[in-house]
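Everything on this sheet refers to the single structure shown next.
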Amino acid sequence: LTNCGCSRRCTCAVTAGPGVTVDGNGSPSNPYIISAGGTGGAAIATACGLTGDGSTGTPLAVAVGVWPYPCDVDDAAAGVYCDSSGVLRGEPPVRSRFQQNSLGRSFPAAPLVPQPEEVVATLDLPIVNPDPCRTAMVILFQEVDADLNLPPNSEGGVGIDTDDMVHLANTGNSTISREHVQVNKLTNLTLAPGETRLHTMDINMSRGAGGATYTRIQATLRAWVISNPTT
Amino acid sequence: VEETFYYKYPDESVGVRTVVGVEEVTHPPGVTLITAEDYQTRLAEIEAQRQADEAATRASEQSQRAEDYEALLAAGIPEATARRLSGHTPQEVQE
């Protein structure tokens with residue numbers, strides 16, 4: 001206050017701004033006392049997400065909705081977090097992904113259906129959990145088609161991995177050409193966060209007899225990967 | 001992203017493979033990658049051969065049934081019975 005002509009008493013006008021109170025008149029016996037504002041003394045500007053004005057009666061608070069669910073908020077609610085730049089962040093988003101590998105193979109030589117079980121084709125799929133945070137549930141669809149030629153008194157079967165799924169036999173007296181069967185399985189896998197797992201499907205044939213042959217094999221693997229939280 | 005590959009195998013079989021969502025595709029051991037046109041050509045050849053083989057099998061079996069039918073008739077078996085026993089039907093001849 002040295003530049004405003006003060007001697008025994010300051011003659012400067014002191015005006016309280018927002019959120020501030022000024023007491024006293026600047027004299028030695030009654031000096032100015034500048035204090036933070038009292039209750040609701042001045043409005044504090046807030047943007048989305050904050051309520052209150054910082055006063056004792058309406059303190060600044062995070063604006064929240066009313067919990068509308070029948071479950072308990074303490075047990076069931078997701079969290080709110082602060083990131084490295086000081087920004088509020090929510091739960092990581094759930095992720096999903098679809099992958100497929102399919103093969104159709106035609107055999108000019110029409111190989112014999114093997115008698116003991118034998119792998120006649122293999123298909124694989126590297127299944128990826130795109131979520132670096134959560135385990136993922138995988139719905140895995142496995143499908144095999146086979147076309148068989150069955151002369152009289154012949155038989156043969158096809159299956160997935162070690163499971164024989166179809167067996168066909170011709171007990172008549174004329175050939176059944178290109179008997180076509182399609183079998184499939186639906187199963188599940190669980191992948192760790194970010195995991196890639198190579199799933200291999202073997203197509204087996206077995207119980208071949210009487211000159212049964214196959215002319216075509218088609219196979220498909222489809223994976224739906226979903227990282228929804230699971231219990 | 002969907003990708004399609006066409007294969008020729010060492011045993012002369014051919015294949016078409018479609019993958020979705022696979023970043024690094026590995027091909028089966030021993031296959032040769034061929035064009036879609038080569039695949040279609042080869043598949044058409046296999047299909048034609050298959051149909052020819054099936055027609056030959058069918059004709060052979062029909063011929064055998066007709067022989068059986070005639071033999072049964074010659075042995076004095078009634079015609080309707082000979083037809084059922086042999087599996088021969090007159091309309092087969094017209095195919």
Side-chain angles (χ1 to χ4, degrees), chain A residues 95-112 119-130 138 141 147-154 170-180 196 198-200 203 211 213-225, chain B residues 1-31 34 39-69 84-89 92:
Chain A
R95 295 169 192 257
S96 63
R97 179 184 173 97
F98 173 73
Q99 296 178 251
Q100 177 176 311
N101 187 6
S102 63
L103 176 70
R105 183 173 171 186
S106 298
F107 300 85
L112 285 169
V119 176
V120 296
T122 297
L123 202 61
D124 59 34
L125 186 65
I127 306 170
V128 178
N129 177 3
V138 180
F141 178 77
D147 292 47
L148 303 177
N149 281 341
L150 297 166
N153 300 312
S154 70
N170 181 5
T171 57
N173 61 1
S174 59
T175 296
I176 301 172
S177 296
R178 282 193 271 187
E179 180 87 345
H180 177 226
T196 296
L198 187 69
H199 184 85
T200 300
I203 296 109
T213 59
Y214 58 98
T215 60
R216 187 174 62 165
I217 291 173
Q218 299 171 90
T220 297
L221 281 172
R222 295 189 184 99
W224 290 263
V225 187
Chain B
V1 179
E2 181 174 314
E3 293 180 281
T4 302
F5 305 95
Y6 301 93
Y7 298 142
K8 182 178 174 187
Y9 292 80
D11 64 359
E12 298 297 314
S13 61
V14 291
V16 55
R17 184 178 173 209
T18 303
V19 299
V20 178
V22 178
E23 273 81 24
E24 292 184 17
V25 176
T26 55
H27 301 296
V31 300
I34 58 176
Y39 171 78
Q40 294 299 342
T41 300
R42 185 71 187 118
L43 191 63
E45 289 171 0
I46 292 173
E47 180 64 21
Q49 182 62 48
R50 184 87 60 234
Q51 290 188 10
D53 291 346
E54 288 167 11
T57 300
R58 198 160 51 241
S60 167
E61 290 179 348
Q62 284 173 358
S63 171
Q64 183 64 56
R65 283 196 293 273
E67 278 180 34
D68 294 344
Y69 174 75
R84 283 197 300 275
L85 285 173
S86 66
H88 173 69
T89 51
E92 280 187 327

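Here is how names work: the chains are called A, B, and so on, in the same order as the sequence lines, proteins then strands, and each is numbered from 1.
Taking every heavy atom of both residues into account, A:Arg95 and A:Pro130 meet most closely at CD-O, 3.2 Å. Heavy atoms only, all atoms of each residue included: A:Val138 and A:Ala223 are closest at CG1-CB, 4.0 Å.
For B:Glu3, no part lies near chain A; criterion is any non-hydrogen pair under 4.5 Å. Proximity to chain A is limited to the side chain of B:Tyr9, based on heavy atoms less than 4.5 angstrom apart. Heavy-atom distances place no part of A:Ile217 under 4.5 Å from chain B, backbone and side chain included. Contact of A:Pro152 with chain B is made through the side chain alone, with heavy-atom distances under 4.5 Å. With a 4.5 angstrom heavy-atom cutoff, B:Thr57 touches chain A only via side-chain atoms. Contacts between B:Glu12 and chain A at a heavy-atom distance below 4.5 Å involve backbone atoms as well as side-chain atoms.
For the options B:Ile46, B:Leu43, B:Val16, heavy-atom pairs under 4.5 Å to chain A are most numerous at B:Val16. The candidate with the highest count of non-hydrogen atom pairs below 4.5 Å against chain B, out of A:Arg222, A:Gln100, A:Gln99, is A:Gln100. For chain B, the option among A:Asp124, A:Thr122, A:Thr215 with the highest count of heavy-atom pairs below 4.5 Å is A:Thr215. Heavy-atom pairs under 4.5 Å with chain A were tallied for B:Arg42, B:Glu23, B:Glu24; the largest tally goes to B:Glu23.
Of the charged side-chain nitrogens involved, none lies within less than 4.0 Å of a carboxylate oxygen, so that B:Asp53 and A:Arg178 do not count as a salt-bridged pair.
Judged purely by atom type and a 3.5 angstrom limit, A:Arg97 uses its side chain to pair as donor or acceptor with the backbone of B:Gly21. Side-chain atoms of B:Arg50 come within 3.5 Å of backbone atoms of A:Phe107 as a donor-acceptor pair (strictly under, hydrogens ignored).
A:Glu179 is not listed as a side-chain neighbour of A:Asn170, based on a closest heavy-atom distance of 4.5 Å or more.
Between the side chains of B:Glu47 and B:Gln51, at least one donor N or O lies within less than 3.5 Å of an accepting N or O.
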